Amino acid sequence: LNAEDEASFERYVRERGTALSRTAIFLVGDVHLGEDLVQEVLSRLAPRWKSVSRADNLDGYVHRALVNTATSWRRRRSWQERPSDAIPETGATDDLYDDTVLRALRALPPRQRAVVVMRHYADRTEQQTADLMGCSVGTVKSTHAKAVAKLRLLLIEERA
Amino acid sequence: MTDDSELNEILHRAALALPDDPDRLSSVVARRVRRAHHWMAGLAAASVVVVVLGVALVVDPGGSGAASPVAGDRQQYTATGPVVHIPGEPDRACMPSAIAAFGAGGASTATPCPGKRGVEVTGVDFDTLTDRHEYGDGSIEGRATLVGNLRGDVFEVTEQSDPVSAEADRFDGTVTPSCPAPTGGWPQGRYASEHPAWTYRDTHKATIWEVRAFEPVPASVDLYVLTAVDPAPIEAALRPTYGDHLCVRQSRYSSPEGDAARADVEAQFEALGLTEAGGPSINKEGEVEISLSAPRMSDELQALLDRHPKGLITPQLWLHPVSTALLPMETETAPAPTSAPSAGTRGVIAPDGRYTLSGRLVRVPGKPDRACAPLPRPAILITPTPPPTTCETFSIDVNGADFSEAALSNRFEKDGAIEGYVDATGTVKDGVLRITEQKPQATGSPGGSGLTTYCDPPEGGWPKTGPGYNPNGDPVFHYRDTHPRTIAQTAIGRPASDVAIMFVLTYTDPQPVEEALRPAYGKSLCVRQTHFGYDEVSAVESDIKTHAQPYEFYGYPNFGTVGDDGEVSFPIQMTVVTPEIQALMDRHPKGLITADPFLHRSDS
């Protein structure tokens, strides 16, 4: 990366990092895994930032990368190996907030979770969600219906 | 929860409670970018690394350690990635994808790359790391390429260097499948939408592996559809929508094969010590792959690869053996040396013994003399730049070599550097070849003379084409591209110095191929059918691709050519025939892979 692209990348991460982190956390249903997911995706996009940053819809492009990585079987299973103690620079841990929603999201299969997050947190339309997930609108609709039905049950159970 | 808007609110409200630290994110991402870049660069430049880091052999008499995925096994390894030092903790070398261990104040965790994602390391010089950073608490991190020996769970480093700096060979999802151009060439612009293809995939289960955009020529974005079944009905269904913006290819692998491989990897994930696995996905060449990451190759992992079609599962390894069974066992009980004075500058690549050599000798002022493979390129170039360098890959230090004009054939001298060809005999000891007899290499006739033994000249003899003439390859390449699985190899045959013919090897009946090409080449054509099948040749290509890591291989594979016998051949250049290369040859039909070492053992 030249200095200009490097500055552009850093600016993007600073401006959009929080939203991307939250999206990633929802996509995997876990704070630490989500942080690692967004780090991984951004670090993979960084060397190509010159072309990536010219995308018509940059957030959409990054969301697509997040979803693909999160729903891929190729996820890093050793995420689970990460020590859960002594991570002082982490801003929050799971104990600091009500993780009811994350636990409910974790109960969904990855693609159902991705559809829910894209539709209800990232505010993507059905068509946009289909595009970034590489499937048809019909698949998004059916996946969404199943996910919402399951979430409804899960959240009711949590509240009970 | 009653409707969509309530779910929107639930998620957005939950998001407000999540961590918010973009500065930290920016810092960590920057560090990971550096690591990832150099990891891939290390793989891409593996052949360079291995020869630069020559070291002596050390084996571990007690370190079998089968319980650990990163345990000593009598082999010497090299690894590229982060190295971390935390006061009061054992130093660690980490897999490049390991999670960042450091925050702004220093170490954030006592074990930066736990378990199989790293290994305890000794002998690292923390002052000379690349991208070295020292924190206030005394923690240090940086990156290096390490060579050393595994003793139990400890990696004892004997050599250390900067990670090779090269542009990362990163797969960014851009596929470049081998798709023949439509008759009128690839159309400009792009197709309208992937949705019709996705809809077909959704409604015809297990027929399509992947739908992906690709750009075969500039300004033409087209749709690549990789099928798991006969592509004809799929192409018939999609062609009306996409026209020439479409390439439909059938994968080498069926859906059940992909499912079985994935299930096997999943089942063995923990037992094999894998750190990542994924797929079936599509690789850069547009073929299906199931990928996995592991600290290093093991017998169990190799067995898993062998249970499935060649090339379907692609391992990415962190620790690469520098050499294996060539290591002399008599040093098994020797203590670990602190340096490698007697191993030559390029590593131990041939066990002690007597050898014959048919290759090059290279002398560059200030560097050890080297004996090198005859190919792939001269070490000393005629052009003013770059300055002379010794041969880089398949070579060995020599002493006792004669560089006089009488002792070398095709001798070339520039700026005090000398290169020439010899036939010689000598003795290898501790990685250095001492030449005892030497004579200029006999200059044989150039390849192609054998052509007359398997291509009968036409009535009236081969047409004279003049010296240096090359037949136009376009007609045969076009035929190959429009008739998949028909043509195995093509070559220009020169039965005489002023005769050049197009030689074509087919998988199928050669007669229709010959009839199709005869108008283009006239009498200057010879078409024969290979003894080998398409699947056999494809399996070799996949196997070589999978195992072509120079650390495993110690050879330079050629991806298919025509051998001296007029058959499909995969010659591998190398220093000596390693057990790995022998095993590779044994896995495939005899004669399909040929070893081309420049050192031949003469005492065993």
Side-chain angles (χ1 to χ4, degrees), chain A residues 10 13-18 20-22 25-26 31 34-36 38-40 42-44 46-48 68 72-79 81-83 85-92 96-98 100-102 116-117 119-121 123 130-131 134-139 148 151-152 155-156, chain B residues 1-2 4 7-8 10-15 17-26 28-33 35-37 97-100 103-105 108-111 114-117 167-168 170 172-173 194-195 198-199 201-202 211 262 266 269-270 274-279 281 291 293:
Chain A
E10 188 171 334
V13 173
R14 288 181 185 281
E15 290 175 356
R16 304 293 300 140
T18 298
L20 293 174
S21 292
R22 290 170 174 175
I25 289 167
F26 285 146
V31 172
E35 287 186 329
D36 201 39
V38 73
Q39 289 169 21
E40 176 163 336
L42 288 172
S43 63
R44 286 185 178 182
R48 298 185 290 124
N68 284 341
S72 167
W73 177 55
R74 194 178 186 163
R75 70 191 182 279
R76 187 174 299 141
R77 298 199 183 195
S78 50
W79 276 341
E81 291 182 355
R82 186 178 187 177
D85 57 342
I87 310 177
E89 81 278 23
T90 301
L96 297 181
Y97 58 88
D98 178 7
T100 302
V101 174
L102 293 187
V116 166
V117 174
R119 294 282 290 112
H120 298 285
Y121 181 68
D123 300 322
D131 286 347
C135 64
S136 64
V137 172
T139 300
V148 171
L151 264 185
R152 182 176 289 121
L155 290 173
I156 289 171
Chain B
M1 194 174 72
T2 56
D4 283 3
L7 188 49
N8 288 348
I10 288 171
L11 287 180
H12 281 89
R13 186 173 294 167
L18 294 174
D20 178 11
D21 189 354
D23 286 346
R24 175 176 171 273
L25 177 65
S26 178
V28 173
V29 167
R31 199 155 56 232
R32 290 180 68 143
V33 167
R35 289 175 176 172
H37 173 87
S97 57
I99 293 170
S108 61
T109 170
T111 308
K116 57 203 171 200
R117 306 199 67 205
E167 194 56 40
R170 185 184 297 274
D172 60 6
E194 291 99 346
H195 288 283
W198 287 338
T199 301
R201 184 186 64 183
D202 291 347
V211 175
R262 172 176 169 151
E266 275 196 290
F269 194 94
E270 296 301 330
L274 306 184
T275 57
E276 293 182 41
S281 56
S291 57
S293 296

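Just so we're on the same page: letters track the sequence lines, and every chain starts at 1. For clarity, every value in this text was computed on a predicted model and none was experimentally measured.
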Please report the closest heavy-atom contact between [X] and [Y], naming both atoms and the distance.
X        : Y        : answer
A:Phe26  : B:Ala14  : CZ-CB, 4.0 Å
B:His12  : A:His120 : CE1-O, 3.2 Å
B:His195 : A:Ala130 : CE1-CB, 3.8 Å

Practice item. For the pair A:Cys135 and B:Arg201, evaluate side-chain contact (heavy atoms from CB on, under 4.5 Å) and give the outcome as yes or no after the intermediate values. Key: CA-CA 9 Å; A:Cys135 64; B:Arg201 184 186 64 183; 4.1 Å; yes
Practice item. Please test A:Arg119 against B:Leu11 for side-chain contact (heavy atoms from CB on, under 4.5 Å), starting from the C-alpha separation and ending with a verdict. Key: CA-CA 11 Å; A:Arg119 294 282 290 112; B:Leu11 287 180; over 6 Å; no
**Study point:** Region of A:Asp131 in contact with chain B, defined by heavy-atom distances below 4.5 Å
**Key:**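 Both backbone and side chain.
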Check your understanding: Tell me, side chain or backbone of A:Tyr121 under 4.5 Å from chain B's heavy atoms, or both, or neither?
Key ->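 Its backbone and side chain both get close to chain B.
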